[in-house]
Amino acid sequence: MSLEGRTALITGASRGIGAACARELRARGCKVVITYHHDDGNAAALAQELGLEAYRMDLRDRPATRDVAARIEAEQGPVHILVHNAGIIRDALLPLLSEEAWDEIYEVNLRGAFLLTRLLVKGMLKERWGRVISIASLSGVAGQPGQTHYSAAKGGLIAFTKALSKEVATYGVTANAIAPGFIETDMLSGLSAAKREQYRLEIPLRRFGEPEEVAAAVGFLASPQAAYITGQTLRIDGGLMTA
Ligand code: NAP
């Protein structure tokens, strides 16, 4: 399962699922580069802990995103494993949903994946090996009230993955999505205790997932052993959705 000699880029890896992915891919032997958004010290601490490079990238800023991605490639060499992890929620029922929130959710959760993949997939095609792994969401598969924008963006990310997988398959590049259910990260900090308990009881495994349980799947999908898996969406949700 070794990924020695490969370079991985993970967006939004200062905490949560992204940080767990950085640890997982580092443990599998590949060089890891992360991006962070706020300079709160988390990314620097992780970079020091794992001996990796960290770049600031705000996916809402289109020119800056392109520039930073190009700088990463120039300074770190071709990216073989691209993990679209950065994501945000701004929950609101549709009649109350602002146009600004719609745009922001689209920019961070979907447009960023387009901008980064368009640039970095070229290196993968040249190397005849690559992995594009997108952290989508169960909301993008099933839809979730209060998340029309988030569900649309994550559903778009899943469709993007399917189409991309067909474009790049003959070059040894795979594209897959992961659709987590409820995972214990800061993203769930806005849930009330009552809501948490309600959701927990709806999950057949009766608990929320851990970031490491998503990262393990990222590690496998990045591995040589997953070479025949492409265009898929893997749900990691404690059994919430089975159809
Ligand atoms: P998290 O702990 O809130 O981390 C989100 C990451 O995205 C942070 O590193 C954050 O950086 C970064 N980010 C936010 N805005 C950004 C921007 N404008 N540009 C670049 N990066 C930005 O969330 P998480 O739970 O680990 O989420 C990781 C992924 O899993 C997301 O795509 C999320 O949608 C998806 N997901 C999570 C769950 C869940 O239950 N946790 C469920 C389904 C899907 P800063 O900290 O600097 O803002």
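Counting starts at 1 for both ligands and their atoms, following the listed order. Atoms considered below: every heavy atom in the structure, side chains included; atoms not considered: hydrogens, waters and symmetry mates.
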Would a 4.5 Å heavy-atom cut-off, applied to side chains only, mark [X] and [Y] as touching?
X      : Y      : result
Glu107 : Leu59  : no
Leu119 : Arg66  : no
Val121 : Leu82  : no
Arg60  : Glu104 : yes
Pro224 : Leu3   : yes

Within a distance under 4.0 Å of any heavy atom of [X], pick out the atoms of ligand 1 and give their elements.
X      : value
Phe182 : 40 (O)
Gly87  : 5 (C), 7 (O), 31 (C), 32 (O)
Ile135 : 29 (C), 30 (O), 32 (O), 35 (C)
Asp58  : 17 (C), 18 (N), 19 (N)
His38  : 45 (P), 47 (O), 48 (O)
Met57  : 19 (N), 20 (C)
Gly16  : 2 (O), 26 (O)

Distance to 0.1 Å, residue and atom name: give those for the protein heavy atom nearest to [atom].
atom                    : value
atom 9 (O) of ligand 1  : Gly12 O, 2.9 Å
atom 37 (C) of ligand 1 : Met187 SD, 3.7 Å
atom 11 (O) of ligand 1 : His37 CB, 3.4 Å
atom 38 (C) of ligand 1 : Gly181 O, 3.9 Å
atom 34 (O) of ligand 1 : Tyr150 OH, 2.6 Å
atom 26 (O) of ligand 1 : Ile17 N, 2.8 Å
atom 43 (C) of ligand 1 : Pro180 O, 3.4 Å
atom 40 (O) of ligand 1 : Ile183 N, 2.8 Å

In terms of the angle between their ring planes, are Phe160 and His84 parallel, tilted or perpendicular, with boundaries placed at 30° and 60°?
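Judged by the thresholds at 30° and 60°, the geometry between Phe160 and His84 is perpendicular.
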
Trp129 vs His80 aromatic rings, parallel, tilted or perpendicular, using cut-offs 30° and 60°?
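Because their plane-to-plane angle is over 60°, the rings of Trp129 and His80 count as perpendicular.
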
Under 3.5 Å, N or O to N or O, is Ile88 touching ligand 1 that way?
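No, Ile88 has no N/O under 3.5 Å of an N/O on ligand 1.
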
Under 3.5 Å between any N/O of Arg15 and any N/O of ligand 1: does that happen in this structure?
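Indeed, backbone or side chain, Arg15 has an N or O that close.
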
Counting only heavy atoms not in Arg62, do more than 12 sit closer than 6.0 Å to its CZ atom?
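At most 12 heavy atoms, drawn from other residues, nucleotides or ligands, come within 6.0 Å of this atom.
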
Taking every non-hydrogen atom, the tightest pair across Ile178 and Pro180:
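Minimum heavy-atom contact is O-CD, 3.3 Å.
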
Can you name the closest pair of heavy atoms from Ser137 and Lys154 and give their distance?
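For Ser137 versus Lys154, the nearest heavy atoms are CB-CG, 3.8 Å.
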
Mark the output for [X] as yes if a heavy-atom distance to ligand 1 is under 4.0 Å, and as no if none is.
X      : result
Ala136 : yes
Lys154 : yes
Ala20  : no

May I ask which of Asn85, Thr185, Ile10, Leu59 has a heavy atom nearer to atom 31 (C) of ligand 1 than the others do?
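Checking each option, the heavy atom nearest atom 31 (C) of ligand 1 is found in Asn85.
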
For residues 49-57, tabulate all N or O donor-acceptor pairs below 3.5 Å that involve a side-chain atom, not counting sequence neighbours.
unit_1: Glu49; atom_1: OE1; unit_2: Arg23; atom_2: NH2; d: 2.9
unit_1: Glu49; atom_1: OE2; unit_2: Arg23; atom_2: NE; d: 2.9
unit_1: Glu49; atom_1: OE2; unit_2: Arg23; atom_2: NH2; d: 3.4
unit_1: Tyr55; atom_1: OH; unit_2: Glu75; atom_2: OE1; d: 2.6
unit_1: Tyr55; atom_1: OH; unit_2: Gln76; atom_2: NE2; d: 2.8
unit_1: Arg56; atom_1: NE; unit_2: His37; atom_2: O; d: 2.7
unit_1: Arg56; atom_1: NH2; unit_2: His37; atom_2: O; d: 3.3

Candidate list Ile72, Ile10, Asn85, Thr65, test side-chain contact (heavy atoms from CB on, under 4.5 Å), partner Thr35, passing option:
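By the side-chain contact (heavy atoms from CB on, under 4.5 Å) criterion, Thr35 pairs with just one of Ile72, Ile10, Asn85, Thr65: Ile72.
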
So, applying side-chain contact (heavy atoms from CB on, under 4.5 Å) with Leu9, which one of Leu120, Val83, Ile81, Val32 is it?
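By the side-chain contact (heavy atoms from CB on, under 4.5 Å) criterion, Leu9 pairs with just one of Leu120, Val83, Ile81, Val32: Leu120.
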
